[in-house]
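Reviewing the structure listed below.
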Amino acid sequence: MIKINKATNVFGISSINGASTFDKLNVIYAPNGTAKSSIADALKNISAGDSVVDVYGISPAPSYELDIDGNVYNESNMIPFTVIKYCGVENFELNKNDDYSNLVISPSAKSLFSSSIASINSSLANIENILLSSFNKKGRGKTKGQKFSNSFIDSLMVIAGSGDNIILNFALNFKTTLTPLSETLTEDNVLALANLKGKDTILKPEVSSHIATYASITSKKATGSIIDSEFDIDKLNDFSKHIIGDLYFDDNKKRLLKINDNVLCKEDFLEIVKKENLSIYGTDKAKEELEKCRDALNKTAASSKFSSTLLDKPALIKHSLDYITFVNELFVTFLGPKNVNLIETETLNIKKEQSKIASMRATMVVEDNAIYTIWKKFKTRFKFNRYELDIKNRFDAITGTDMPRFVKLQPGTNKEIIDPVSLRFSTGEIRTYNLINFIIEVERTLLLGKPFTIILDDAVDSFDYKNKYGIIDYLIDIKENPLVQLIVLTHNFDFYRSAILSLGDTNQYFMYKDKTANVTLYDVKSKKYYLTVSDFNSWKHTGDRTKYLAFIPFLRNIFQLQTNSHDPRVLDIDKYLHYDSAISDTLNFAIIDPLMYSVNFDFPSSISQTDKYLDILDNVATTISTSPIMETKLEDKILLGIYIRVFLEKFLIKRIESRSGTALSTSNSYARTTSLINRAKSSGYLTDEEFSIVIEANVVSPSYVHANSFMYEPLIDVDSSTLIEVADKIRFINSSI
């Protein structure tokens, strides 16, 4: 588990306090701009060994200290740890990791086809060993972990074509029945001629046209020649090579060679071979086309080895025109009959076992793999209808013969979704589209059996309620797993409240950042009035004047819900939440106290009914402003909000009356504060600085004046330092009138 002891100059954070108490389950409410993403990204980057330097401006080097499972680490002493961060926009790549196979493999399917798979793998291993033993240079230039060099893989790929399993595709596409070439080939010859760049060279028109012409010339029969359509010059040269090499003309053998009814000795036969070759390869036309081939190859071939090898063996040139067949002929020739026959035998076995598997592929229904369970639960938890999760290579993946290739399809079709934005997915649908990737990533990591931390960074933005609770339901599934630590960061108070109620025994925090980018997490676990309305009852009998004043907007809502906004009791309470020049300066507690008493709220002993309300409100607000900030005290924030609204209106009314010379009637007017601001501005009664303060005050105060038991988020969203700063500004401009 991760605890943050220190974070200085980390992604713009000057310091962090209160995160050293993180435990297994941590739920953090924080307004936007409070460094939620900075913390999530920092832990993610540190775990991956990446930078945590802020992109805005130049600051001192980052410094941090993390407690990971009881061990303390910092920027100069770090160990790898695993963090999975989800904010709704990460598109976790599901097709690049072998570990995903464990989610997809079906035990029943794997068992059913295990013998066939084992047989196929055995044949593939045998074919691979044949290639490994035949090509001695296959390992030169290879990187660590490779059996074959990249150049040899390139040669195999010409025959194998596309696909991940090169050996399998090579075997299935290798033409073992081709006749070997007449030329003697070395390993270097094969590697030089058989490669994808060579294929590209041959296909170029300026090369292929000359090769075709040269091939047509060298295939013609010369006058009086023994060459014909069935026995060409290459076959003659091949025949010559074998009978000379086999000592056919040895005196002890007593063998005779008869051509055109003439018995030939060795010298006579070699003379015929020489003449035949001269009549074809020695013609001026053939030489001319050979030179054209040479020029074209030298100009276009990506490799000089390719062109020089091909030109040194003119008999091969005409074969290269059908390049794929040519490369097959090269392998048949170099590997030799014995190895080719062995590969053919193993390939036949592969095809036989594949046929067995294919016969049941279409009818198999798999429900005993993890991905089936994950997708089934996902569909019941989350509201969506815009895509279906599928596995492109489903059968190979569930039987363990290939890594899964996840795809998302348009429902009822085989059309793959590449970009959900192009299909006009909403923001919430895109987040759901990415959510399944996150869940699969978590499930994959669980199978690894190592501890890891999940960080949700405002993960439910744009989600409807069903999907918000779907995430919580999933977290409930995994929260007890000893490998998992949860850090939930959110500015959605409903999600915060639901998470801490659903997850059980959690660490609960409110997090705020001051103007100097110092981040503080306040432990609010014991402050249950953030969770249930009934806990406001605890305010009633404390005798605390702050709580008494802060309850006024809630009292207004109680009476309004019982009747309507025209209830005389509601209109009386409005006098304490707004300023009226005819009433407010002399208003005391004689009106509000009986109303409070009707809901059993005790009158504070530190206030008398004859005390002026504005004086007490100003006195309490000043006391709060000069005391240490307590983010967990909701009553302080509500009172500051009321103070800001009432004294903002006082400033505006006094300024308008003094400049216009006319008393204002503001009794219960609709949108009172906004009307006052518009009049003062349009009449030019405010300086630019005053107007800026007025707008700032009007932005932060409405939630507190109209507070009710359903509005926790706006009540706590603004940090106390902002409220205190605005209250001080309102106090300042009031001092000028």
Under the 3.5 angstrom rule, does the side chain of T722 hit a backbone N or O of V718 as a donor-acceptor pair? no

Is the backbone of N564 close enough, under 3.5 Å, to the side chain of D567 for a donor and an acceptor to pair up by distance? no

For residues A727 and S625, report the shortest heavy-atom separation together with the two atoms involved. CB-OG, 4.4 Å

Decide, yes or no, whether a salt bridge links R569 with D572 under the criterion of side-chain N to carboxylate O below 4.0 Å. no

If we ignore hydrogens and angles and just use 3.5 Å, is the side chain of T542 paired with the main-chain N or O of D544 as donor and acceptor? yes

If you apply the rule salt bridge (charged side-chain N to carboxylate O under 4.0 Å, His left out), what do you find for D41 with K85, and how did you get there? CA-CA 8 Å; D41 290 342; K85 175 203 162 193; 2.4 Å; yes

Can you confirm if the aromatic rings of Y29 and F493 lie within a centre distance of less than 6.0 Å? yes

Kindly indicate, with the supporting measurements, whether the criterion ring pair (Phe, Tyr, Trp, His ring centres under 6.0 Å) is fulfilled by Y496 and F510. CA-CA 10 Å; Y496 168 83; F510 286 170; 5.7 Å; yes

Is there side-chain contact between D54 and N9, with at least one heavy-atom pair below 4.5 Å? no

Inspect the contact between R556 and D574 and indicate whether a charged nitrogen and a carboxylate oxygen are less than 4.0 angstrom apart. yes

What one should report as the nearest heavy-atom pair of I472 and A499 is CD1-N, 3.8 Å

Heavy-atom side-chain contact between I46 and L66 under 4.5 Å: yes

If only atom types and distance count, is the side chain of K3 paired as donor or acceptor with the main-chain N or O of A19 below 3.5 Å? no

Taking the side chain as every heavy atom from C-beta outward, state whether S63 and E75 have any atom pair closer than 4.5 Å. yes

Exam field: side chain E649 to backbone R672, donor-acceptor pair closer than 3.5 Å: no

Listed by chain and number, what are the side chain to side chain donor-acceptor pair (under 3.5 Å) partners of E480, not counting sequence neighbours? none

Residue pairs fulfilling salt bridge (charged side-chain N to carboxylate O under 4.0 Å, His left out) with at least one residue in residues 504-514, sequence neighbours excluded: D505-K525

Could you tell me whether a side-chain N or O of Q485 sits under 3.5 Å from a main-chain N or O of L25, the two making a donor and an acceptor? no

Does the D719 side chain pair with the main chain of Y512, one donor and one acceptor, at a distance under 3.5 Å? no

For a ring pair (Phe, Tyr, Trp, His ring centres under 6.0 Å) check, start with the C-alpha distance between F603 and Y597, then their side-chain angles and the critical distance, and finish with the verdict. CA-CA 8 Å; F603 192 72; Y597 183 76; over 10 Å; no

Nearest heavy atoms of A459 and I471, plus distance in Å: O-CD1, 4.2 Å

What pairs with K681 under side chain to side chain donor-acceptor pair (under 3.5 Å), at least two apart in sequence or on another chain? none

Quick one: do the S15 and N518 side chains pair a donor with an acceptor below 3.5 Å? yes

Under the side chain to side chain donor-acceptor pair (under 3.5 Å) test, residues paired with N678 that sit two or more places apart: none

First locate atom CE of M596, then atom CD1 of I591, and finally report the distance between them rounded to the nearest 0.5 Å. 13.0 Å

If we only count heavy atoms from C-beta on, is the I552 to Y613 side-chain gap below 4.5 Å? yes

Set of side chain to side chain donor-acceptor pair (under 3.5 Å) partners for D728, sequence neighbours left out: R731

Mind checking whether Y64 and N5 have side chains closer than 4.5 Å, heavy atoms only? no

Output the distance between atom CD1 (I592) and atom CG (L555), rounded to the nearest 0.5 Å. 5.5 Å

Just to verify, which of Y548, F589, F554, W539 counts as forming a ring-ring contact (aromatic ring centres under 6.0 Å, His included) with F601? Y548

Rounded to the nearest 0.5 Å, how far does CD1 of I653 lie from OG of S584? 7.0 Å

For Q562, look at atom CD and say whether over 12 heavy atoms of other residues, nucleotides or ligands are found less than 6.0 Å away. yes

Step-by-step salt bridge (charged side-chain N to carboxylate O under 4.0 Å, His left out) determination, K408 to E388: CA-CA 5 Å; K408 292 174 181 175; E388 290 282 344; over 6 Å; no

Go through the structure and list residues passing salt bridge (charged side-chain N to carboxylate O under 4.0 Å, His left out) with K515, not counting sequence neighbours. E725

Spacing of CZ belonging to R444 relative to CG belonging to N437, to within rounding of 0.5 Å: 12.5 Å

Within a strict 4.5 Å, meaning less than it, do heavy atoms of the N698 and I677 side chains meet? yes

For atom CG of D419, is the number of surrounding heavy atoms from other residues, nucleotides or ligands below 6.0 Å larger than 12? yes

Would you confirm whether the ring centroid of Y522 sits within less than 6.0 angstrom of the ring centroid of Y509? no

Electrostatic pair D458-K36, nearest N-O below 4.0 angstrom: yes

Which value, rounded to the nearest 0.5 Å, describes the distance between I644 atom CD1 and T673 atom OG1? 12.0 Å

Note: S38 and I13 closest approach over all heavy atoms is CB-CD1, 3.8 Å

T626 side chain to T622 main-chain N or O, any donor-acceptor pair under 3.5 Å? yes

Under 3.5 Å, is there a donor-acceptor pair between the side chain of K24 and the main chain of V484? yes

In this structure, is the centre-to-centre distance between the rings of Y433 and Y387 below 6.0 Å? yes

Smallest heavy-atom separation, S565 atom then V570 atom, equals O-CG1, 3.7 Å

What are the two closest non-hydrogen atoms of F651 and N734, and how far apart are they? N-OD1, 3.6 Å

